[in-house]
Amino acid sequence: MPADRDFTAIMPLRRVAAMRTGEKPERGRARMKNSEIAVLFNEIADILELREENRFRVSAYRRGAQNIEGLPGAIEDAAADSALADIPGIGKDLASKINEYLDTGKISFLEELRKETPQVLIDMLRIPGIGPKTAVLLHRHLGIGSLEELRHAALDHRIRELPKMKEKTEENILKGLEFLERSGGRTPIGEAYPLAERIIDELGKLPEVKRITPAGSLRRFRETIGDIDILVTSPKAGTVIERFTHLADVERVLAEGTTKGSVITAGGIQVDLRVVDEKSYGAALCYFTGSKEHNIRLREIAIQKKMKLNEYGLFRTLRSGGERRIAGATEEDVYRGLGLPFIPPEIREDSGEIEAARRGALPALVGMKHIKGDLHFHSNWSDGAASLEELAEYGRKAGYRYLAVSDHSKSLRIAHGLSEDRLRAQIAEIDRINGQTRGFRLLKSSEVDILPDGALDLDSSVLEKLDIVIVAVHSKFKMPRPEMTRRVINAIENPHASILAHPTGRLLGSRDAYEIDMEAVIEAAAATCTAIEINAHPMRLDLNAAMARKAAESGVMISIGTDTHKPALEMRHIRYGVYTARRGWLTKEQILNTRTANQLLGILHKKRNR
DNA sequence: GCCGTTTTCGGCCCGACTGTTTTCAGTCG
């Protein structure tokens, strides 16, 4: 490793750090204030922890952050309705800090804390294996002022001079720094999920493995994954863990115990494997699936009922002082033991699911089996890889009833967007292909550019010949918020527009959402019977789950589309869209492509015929 | 700092692994 390596490669960290500076509400940020406030509350928690403040005070800020981030609506709305105190974990103090941030763009308490806290302490907390105690120790005794200085201190063997620190500590710090630099934090689910499938597939071949399943944020289908958790039942844990730490994907072994193995893959992703007994499988699955906040709620319920819940089971405390297992083999048993129905993993975020479960009001979530087709697809008429005939073939093979051919429109020259004339020719060609097939249908569509003034890129005379008109922004991303909002609402109000695609334009890890008032857009979509897409591409997932929930609650129909350009690789992304919908509490009734082609066209054409 | 079908005060989830130790603190999830 060259001695002068800098850490500019840690981009996601830097972005987080930039958000932390807080003073200027960031340019180009359409995100609701929820996540900004969550980041700030987490920073307060970090700093309080470094200062060895009361740990319950620390977790109060973390819980507050989590609940604000998971809120389906905008925090501004809750504040305007004086309803902040209704959010679990938000009391008088946190509410006043939220109001202060919304009014002034800063939290003076945090400003004060920052003045007194060297940035390097916060940076060090991002290194795996370094917590608040170690960070303070390194800073105080060695005068470490940056991650680069920390690296030098480790290389110069100065860290081993400290109490309870030896060679191994230095080694781990260097590896932690390297990991941070390479992985930059969280991994998009589109990358993590296939890797997990590969590992599960490989380990599943072992005769010693009885059951194997993903857990953690992967099973909850979060947009990005911190690390991959895999749960196994086996009578021979040692054999399974040994095989796991020797898989081809493994670059480094972090831990290898009798119940747990932990590795870093060549791609820099951490994978944790846990082996449990058959009789604890359900309790362990529940525990390792999380979220942490959901688990804490479950344990609190257990305590209220004079029980104890851990990863081994649900136990009743006996008067004799002993305990008796009442559940553990399946998740259903555990929930039942707590007096709750089974709660699907995707909504275990402590965002109202426990209360809904108690009321018997959990939604019947949409599933992959309900999906009858894909509503966003490109052919080689624009920038896709496959011909129309091939698309029909792919669609049929996937078991779909229909697939919407939605090539780009003429303004998008770089993607060979179709002019009115070429689109007419494509329509005729699709009619010809549909005439030859039964039980499957290519839907005539177009992904029409929304021009800067909100007009559509194609003439009405051709739009009215399409089954579905998808509208989307592909240019001039940096418009000011009011103009961008007006632009998109103009497009939505066009009587031909049926679906608004990737509505915020964000690309996970590379491009922020453009500046747009999504609340207003959702309102306009509801008023005009326009559907909004969950773009299922794993780098987009746009709408995200919280906004999809909001949109559906407002009565907007949701369309799931993969935006596939290369069918062999991308069609399967539909699952990320479906699981995002599940995270947004959506039922099949709220999703367009759970309907037959005629049903969904009937819904969309209501607008045209108004 | 939050919260209350035991409570407005006194609690607040629980266990494994590592690295350094001879019994445990720190970190993680």
Side-chain angles (χ1 to χ4, degrees), chain A residues 41 44-45 48-50 52-67 84-98 109 124-138 159-160 162-173 175-176 215-220 225-231 237 241 253-263 270-276 280 283-284 286-315 323 338-339 350 358:
Chain A
F41 278 4
I44 291 175
L48 293 179
E49 209 168 11
L50 288 163
E52 299 190 57
E53 293 271 349
N54 180 327
R55 65 197 170 97
F56 298 111
R57 193 179 174 205
V58 172
S59 48
Y61 278 100
R62 295 215 193 280
R63 175 150 191 252
Q66 172 74 22
N67 289 341
L84 288 176
D86 296 344
I87 302 170
I90 305 297
K92 237 170 93 182
D93 193 273
L94 265 56
S96 87
K97 289 186 170 74
I98 292 169
F109 176 59
M124 279 196 274
L125 294 182
R126 310 288 151 195
I127 301 171
I130 294 191
K133 294 281 192 301
T134 314
V136 169
L137 188 74
L138 289 167
I159 291 175
R160 64 182 67 173
L162 297 173
K164 291 193 167 189
M165 308 245 168
K166 288 224 154 84
E167 279 176 63
K168 194 76 180 173
T169 321
E170 288 175 344
E171 231 172 80
N172 284 338
I173 285 174
K175 284 175 179 168
S217 49
L218 193 76
R219 182 163 178 246
R220 303 202 315 280
I225 307 299
D227 54 31
I228 294 175
D229 290 301
I230 297 174
L231 189 68
I241 290 172
V253 178
L254 293 177
E256 193 170 3
T258 54
T259 65
K260 172 185 166 178
S262 190
V263 303
Q270 180 169 334
V271 188
D272 294 342
L273 180 88
R274 336 248 174 175
V275 187
V276 298
S280 299
C286 197
Y287 177 81
F288 291 119
T289 295
S291 67
K292 198 175 158 191
E293 290 69 23
H294 178 87
N295 286 347
I296 288 174
R297 292 292 307 279
L298 293 186
R299 286 186 180 179
E300 286 169 355
I301 293 172
I303 291 169
Q304 282 165 16
K305 293 178 179 288
K306 309 277 185 222
M307 296 192 267
K308 183 178 83 171
L309 176 64
N310 59 26
E311 58 264 54
Y312 300 108
L314 181 64
F315 302 91
E323 52 191 26
L338 294 171
D350 191 18
R358 278 179 161 154

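So you know, we letter chains A, B, ... as the sequences are listed, proteins then strands, and number each from 1.
When both distances must be under 3.5 Å, the Watson-Crick or G-U wobble mate of B:dT8 does not exist.
Look at A:T134 and you'll find a side-chain N or O under 4.0 angstrom from OP1 or OP2 of B:dT27. Here A:K308 reaches the OP1 or OP2 of B:dG15: one of its side-chain N or O atoms lies under 4.0 Å away. Using a 4.0 Å cut-off, some side-chain N or O of A:N310 falls inside it from OP1 or OP2 of B:dG15. Between A:S59 and B:dG1 there is no side-chain polar atom (N or O) within less than 4.0 angstrom of OP1 or OP2. The phosphate of B:dC14 (OP1 or OP2) has no side-chain N or O of A:K292 nearer than 4.0 angstrom. OP1 or OP2 of B:dT20 has at least one side-chain nitrogen or oxygen of A:T169 nearer than 4.0 Å. A sub-4.0 Å separation between OP1 or OP2 of B:dC13 and a side-chain N or O of A:R299 is absent. Under 4.0 angstrom from either OP1 or OP2 of B:dG19 there lies at least one side-chain N or O belonging to A:N172.
For B:dA16 and B:dT21, the P atoms lie 24 Å apart once the distance is rounded to whole Å. Separating the C1' atom of B:dC2 from that of B:dC13 is a span of 16 Å, rounded to the nearest Å. Annotation: B:dT20 and B:dG26 have their C1' atoms spaced 11 Å apart (nearest Å). A distance of about 8 Å separates the C1' atoms of B:dG4 and B:dT8, rounded to the whole Å. Taking the P atom of each, B:dG19 and B:dC12 are spaced 31 Å apart, rounded to whole Å. Separating the C1' atom of B:dC3 from that of B:dT7 is a span of 9 Å, rounded to the nearest Å. Of the C1' atoms belonging to B:dC17 and B:dT6, the separation is 37 Å, rounded to the nearest Å. Nucleotides B:dT18 and B:dT22 place their C1' atoms 16 Å apart, quoted to the nearest Å.
Under the 90° criterion around 0 for the glycosidic angle, B:dT7 counts as syn.
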Could you list the protein-to-nucleotides 4-11 of chain B atom pairs, N/O on both sides, closer than 3.5 Å?
none

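Comparing A:I296 and A:T258 by the nucleotide of DNA chain B whose heavy atom lies nearest to each, the residue mapping closer to the 5' end is A:I296. Place A:A85 and A:A135 on DNA chain B by their nearest nucleotides, and A:A85 ends up nearer the 5' end.
Partner A:E49 forms a side-chain hydrogen bond (donor to acceptor under 3.5 Å, both in side chains) with one of A:R57, A:R62, A:R55 and no other, that one being A:R62.
A:P163 comes within contact range of no nucleotide atom at all, as no heavy-atom separation falls under 4.0 Å. At a threshold of 4.0 angstrom between heavy atoms, the contacts of A:I127 are confined to the sugar-phosphate backbone, with no base atom among them.
Between the side chain of A:E170 and the main chain of A:I159, a donor-acceptor pair closer than 3.5 Å is present. Distance alone, capped at 3.5 Å, places no donor-acceptor pair between the A:R63 side chain and the A:E293 backbone. Between the side chain of A:T169 and the main chain of A:K166, a donor-acceptor pair closer than 3.5 Å is present.
At a cut-off of 3.5 angstrom, the base of B:dG29 holds at least one donor-acceptor pair with the side chain of A:Y287.
The CG atom of A:N172 lies 11.5 Å from the CD1 atom of A:I127; values are rounded to the nearest 0.5 Å.
Checking B:dG29, B:dG1, B:dT20 against the side-chain heavy atoms of A:D227 singles out B:dG29 as nearest.
Here the side chains of A:L125 and A:L50 are in contact, with some heavy-atom distance below 4.5 Å.
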Do any side-chain atoms of residues 85-98 of chain A form donor-acceptor pairs under 3.5 angstrom with protein atoms, and if so which ones, sequence neighbours left out?
unit_1, atom_1, unit_2, atom_2, d
A:D93, OD1, A:K97, NZ, 2.4
A:S96, OG, A:D93, O, 3.0
A:K97, NZ, A:Y61, OH, 3.2

